[in-house]
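Working notes, beginning with the structure itself.
Order of the sequence lines sets the chain letters (A, B, ...), proteins ahead of strands, with each chain counted from 1.
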Number of protein chains: 4
Amino acid sequence: MPSNYDKILKATIDLMNEKGYHGTSVKMIADKVNISKSTIFHHFKSKEGLLLALFEEVVPAATNEAMLIANDKNLTGAEKLKKWIRHHLNEVATEGDVLNVYLRESRFISDSNKAIYKESMRVYANLIVKIIKQIQKEDKQAFKDLDIKIVAHSILGMYNSAVIWFDKDGKISLDDLADMMYKIISGSFQKPKATRKKKTTK
Amino acid sequence: MPSNYDKILKATIDLMNEKGYHGTSVKMIADKVNISKSTIFHHFKSKEGLLLALFEEVVPAATNEAMLIANDKNLTGAEKLKKWIRHHLNEVATEGDVLNVYLRESRFISDSNKAIYKESMRVYANLIVKIIKQIQKEDKQAFKDLDIKIVAHSILGMYNSAVIWFDKDGKISLDDLADMMYKIISGSFQKPKATRKKKTTK
Amino acid sequence: MPSNYDKILKATIDLMNEKGYHGTSVKMIADKVNISKSTIFHHFKSKEGLLLALFEEVVPAATNEAMLIANDKNLTGAEKLKKWIRHHLNEVATEGDVLNVYLRESRFISDSNKAIYKESMRVYANLIVKIIKQIQKEDKQAFKDLDIKIVAHSILGMYNSAVIWFDKDGKISLDDLADMMYKIISGSFQKPKATRKKKTTK
Amino acid sequence: MPSNYDKILKATIDLMNEKGYHGTSVKMIADKVNISKSTIFHHFKSKEGLLLALFEEVVPAATNEAMLIANDKNLTGAEKLKKWIRHHLNEVATEGDVLNVYLRESRFISDSNKAIYKESMRVYANLIVKIIKQIQKEDKQAFKDLDIKIVAHSILGMYNSAVIWFDKDGKISLDDLADMMYKIISGSFQKPKATRKKKTTK
DNA sequence: AATGAATGAGGCTTCATTCAT
DNA sequence: AATGAATGAAGCCTCATTCAT
């Protein structure tokens with residue numbers, strides 16, 4: 001049985017995902033968890049503290065698998081990118097996901113706490129930077145002359161936007177979507193077909 | 001000298017762009033315009049009425065140039081895309097742009113008014129759809145096997161994300177950014193070599 | 001018929017006089033005036049704004065008569081002191097008087113507003129300083145070697161303390177009290193008996 | 001090392017001295033002592049219990065020396081008064097003194113406990129009454145025709161007010177202040193000069 | 001066209017206190 | 001002896017909105 005602390009965070013994610021930070025009141029959260037408002041303040045310093053807790057505790061957990069992908073020694077950069085896209089879209093599209101809140105509501109963090117958010121964002125963006133670097137190394141033409149950080153952010157931005165318009169119940173599956181998005185950006189480097197032959201070394 | 005009506009809308013854009021719909025109060029807007037709260041209700045039926053007015057009046061104006069680009073008979077699809085990117089990034093990166101509010105705060109519109117928003121969104125997204133279709137027509141390989149709407153949304157998402165991380169005072173200019181982003185997605189279709197005539201074929 | 005603004009201030013005085021600043025809630029004030037809480041915030045910026053308004057508007061009015069006494073050309077210093085004591089005690093002893101609130105609750109003013117309070121206090125204390133100076137001029141022995149500001153504050157402190165222990169319904173009248181207190185401090189200078197003969201000199 | 005019980009009382013004094021009874025929360029006290037709120041309720045029945053404990057335990061201790069002065073067989077009344085003033089001012093001026101809390105916050109005690117406060121106040125005021133009586137006995141002119149309780153309260157009020165305006169870092173020392181205040185009220189009876197020669201009679 | 005007065009509802013947060021451990 | 005969890009009540013203040021002028 002989850003603690004109130006955990007239940008509060010879960011409800012926060014659900015509600016802020018749907019209504020945004022300012023659109024979610026502490027009372028709504030309390031009602032959803034079936035506790036009193038004051039209990040929330042017993043566990044968290046303030047409403048903003050809820051966001052911070054999400055960024056510090058829940059987001060890292062959610063980014064863990066992405067890290068495994070980026071560090072997998074057996075994959076080419078292109079394969080990693082493809083795998084990461086699939087994973088990331090899955091995360092983003094999952095109902096109530098923290099990432100949505102993370103990506104959309106972070107701008108409401110007060111200046112004094114913005115550093116915490118930026119740091120966690122940097123860590124995640126770096127994963128993609130790493131993948132892109134590997135792709136560049138394996139294919140000199142890939143993302144040629146492009147600022148690597150901008151590439152990373154652009155890709156992230158593209159995928160994150162899906163949370164807004166992707167229709168889980170529509171006729172296009174999440175896997176199809178991942179494939180399509182991969183194709184959009186993979187035009188600029190050699191298709192993974194070529195690299196598919198699996199790395200004979202090892 | 002702009003009317004109060006216009007000043008109110010301008011202030012609404014600025015504030016909602018920064019703080020979101022729920023994070024912006026009628027009082028904030030009134031204070032920014034230096035009028036009384038009541039004056040706002042004199043011009044607009046309600047707070048939501050402000051959003052609607054934006055979507056009905058300001059967004060179309062902002063999308064007007066995009067429409068000119070999309071309909072320009074003298075440009076290839078690739079050229080249009082490039083021109084549109086430049087224009088769109090400029091809009092989005094400009095502080096206080098309506099498009100940001102439009103793209104992010106639309107979800108707070110009440111159900112009864114959602115149709116208005118969806119219609120205007122459809123119109124804008126259609127511009128890109130149109131451009132993409134032209135590109136496909138001119139280059140059969142471009143965006144092959146891809147759902148055209150998803151391509152449009154992905155591209156939009158990518159560009160809109162720039163508003164979050166682009167640093168106006170950084171070392172990369174808006175024009176450079178537009179070029180880079182164009183390159184990222186243009187990999188999948190024939191480069192505008194033809195028009196660029198720069199590339200002496202190496 | 002007094003405006004809500006005035007009624008709010010009056011109720012504030014009454015309540016804070018009885019329960020202190022922190023012991024008086026905005027709701028109590030609203031209930032006493034029979035208006036809604038929000039109306040109070042329509043007229044005053046904050047709870048502290050109520051205190052400030054008292055200090056800026058009501059206290060000056062209350063100190064007006066004291067000023068007339070201090071400036072009366074026909075009275076000796078000793079006479080002025082006596083008259084002021086009587087007046088001041090009356091003010092302080094009257095239930096719900098601003099001066100009580102002023103003297104006791106001023107310490108809850110935030111630092112940023114303390115200057116306003118200090119200035120008004122300085123003005124009032126100066127009246128007594130002025131009276132004491134006149135007494136010293138008329139009787140070289142009076143308050144000899146004493147710092148004049150300390151004398152003024154001490155005297156004020158003595159009189160203001162009466163608000164705590166004076167029993168309006170006890171056997172000692174306010175006038176008796178005024179006489180006694182006058183005697184306590186008048187020991188150090190020539191008794192007004194001597195001066196009573198109206199100052200034939202000029 | 002002081003017990004938590006003692007540390008709580010000390011913190012209570014400090015905080016209520018600065019912010020008053022209603023302005024001091026149990027949490028503030030707990031934070032200052034670095035214990036949990038519950039621990040306070042473990043030692044004291046309620047918040048008001050803290051005040052009562054002060055009045056019953058700390059105040060008597062603080063008034064102990066005053067008692068020694070009042071009962072010293074070797075001093076004249078005037079000498080006692082002077083000595084007491086010096087002592088009292090010292091107590092009052094010391095940061096975080098109980099007496100301030102005692103004198104100012106007693107009015108927030110609930111009716112059912114008011115008797116406890118009044119009794120302790122009576123005891124302390126009686127010390128001065130006693131001193132004044134001795135002065136009157138030694139100098140028939142002193143405080144002639146004055147209600148002795150009112151004299152005592154007035155004197156106390158005068159000295160207690162110092163806590164509000166006395167500036168520890170100003171150019172006037174506490175001893176100077178004691179001297180001046182003594183002079184203000186000693187005008188009405190024979191100056192201690194005369195008595196300084198130790199009173200060989202007896 | 002513009003605004004000052006007023007408000008009910010609700011916002012976030014703190015309060016003193018109880019209880020189980 | 002000490003505390004973490006929990007809470008109902010209350011605290012100050014802001015909200016969007018209406019109305020009379």
Side-chain angles (χ1 to χ4, degrees), chain A residues 3-5 7-8 21-31 33-51 110, chain B residues 3-5 7-8 21-31 33-51, chain C residues 3-5 7-8 21-31 33-50, chain D residues 3-5 7-8 21-31 33-51:
Chain A
S3 66
N4 273 347
Y5 181 96
K7 285 197 272 182
I8 291 168
Y21 179 77
H22 287 304
T24 301
S25 78
V26 174
K27 184 177 187 309
M28 288 174 187
I29 300 171
D31 285 350
V33 181
N34 238 293
I35 54 175
S36 92
K37 263 183 300 170
S38 19
T39 300
I40 291 179
F41 289 96
H42 174 64
H43 291 289
F44 302 88
K45 209 166 95 54
S46 63
K47 186 184 176 184
E48 189 177 331
L50 288 168
L51 258 198
S110 65
Chain B
S3 68
N4 272 348
Y5 182 95
K7 284 197 273 184
I8 291 168
Y21 179 76
H22 286 306
T24 299
S25 76
V26 175
K27 183 179 188 307
M28 287 174 188
I29 299 170
D31 286 350
V33 181
N34 239 296
I35 54 174
S36 90
K37 260 186 304 173
S38 325
T39 302
I40 291 179
F41 286 95
H42 179 66
H43 289 289
F44 301 88
K45 197 168 144 308
S46 66
K47 186 183 175 184
E48 191 176 329
L50 287 167
L51 255 199
Chain C
S3 67
N4 272 348
Y5 182 96
K7 285 197 272 184
I8 291 169
Y21 178 78
H22 287 304
T24 300
S25 76
V26 174
K27 183 179 187 309
M28 287 175 189
I29 300 171
D31 286 351
V33 182
N34 238 294
I35 54 175
S36 93
K37 265 182 300 170
S38 20
T39 301
I40 291 179
F41 289 99
H42 174 64
H43 290 289
F44 302 88
K45 206 165 98 53
S46 64
K47 188 183 174 185
E48 189 177 332
L50 287 168
Chain D
S3 67
N4 272 347
Y5 182 96
K7 284 197 273 184
I8 291 168
Y21 179 76
H22 287 305
T24 300
S25 76
V26 175
K27 183 180 187 308
M28 287 174 189
I29 299 171
D31 286 350
V33 181
N34 239 297
I35 54 175
S36 90
K37 261 185 304 172
S38 326
T39 302
I40 291 179
F41 287 95
H42 178 67
H43 289 288
F44 302 88
K45 198 169 144 308
S46 66
K47 185 183 176 184
E48 191 177 330
L50 286 167
L51 256 199

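For the OP1/OP2 pair of F/dA5 and a distance below 4.0 Å, the side-chain nitrogens and oxygens of A/Asn4 include no atom meeting the criterion. Close to E/dA6, at under 4.0 Å from its OP1 or OP2, lies a side-chain N or O of C/His43. Proximity of B/Ser46 to the phosphate of F/dA16: no side-chain N or O atom is located under 4.0 Å from OP1 or OP2.
Nucleotides of DNA chain E nearest to D/Thr24 and C/Tyr5 differ in position, and the one nearer the 5' end is that of C/Tyr5. Comparing C/Ser38 and B/Ser38 by the nucleotide of DNA chain E whose heavy atom lies nearest to each, the residue mapping closer to the 5' end is B/Ser38. Between C/Lys45 and C/Ser25, the residue anchored closer to the 5' end of DNA chain F is C/Ser25, taking for each the nucleotide with the nearest heavy atom.
Taking all atoms of both residues into account, the shortest heavy-atom contact from A/Asn4 to A/Val33 is OD1-CG1, 4.4 Å. Listed here is the closest heavy atom pair of A/Lys47 and A/Tyr21: NZ-O, 3.0 Å.
Pairing for F/dT14 is with E/dA9, a Watson-Crick or G-U wobble pair whose two hydrogen-bonding atom distances lie under 3.5 Å. With a 3.5 Å ceiling on both atom-pair distances, the Watson-Crick or G-U wobble partner of F/dG4 is E/dC19.
Within the 4.5 Å cutoff, no side-chain heavy atoms of A/Ile35 are placed close to those of A/Ile29.
Taking the six-membered ring where tryptophan is involved, the planes of A/Phe44 and A/Tyr5 are essentially parallel, since the angle between them stays under 30° and well short of 60°.
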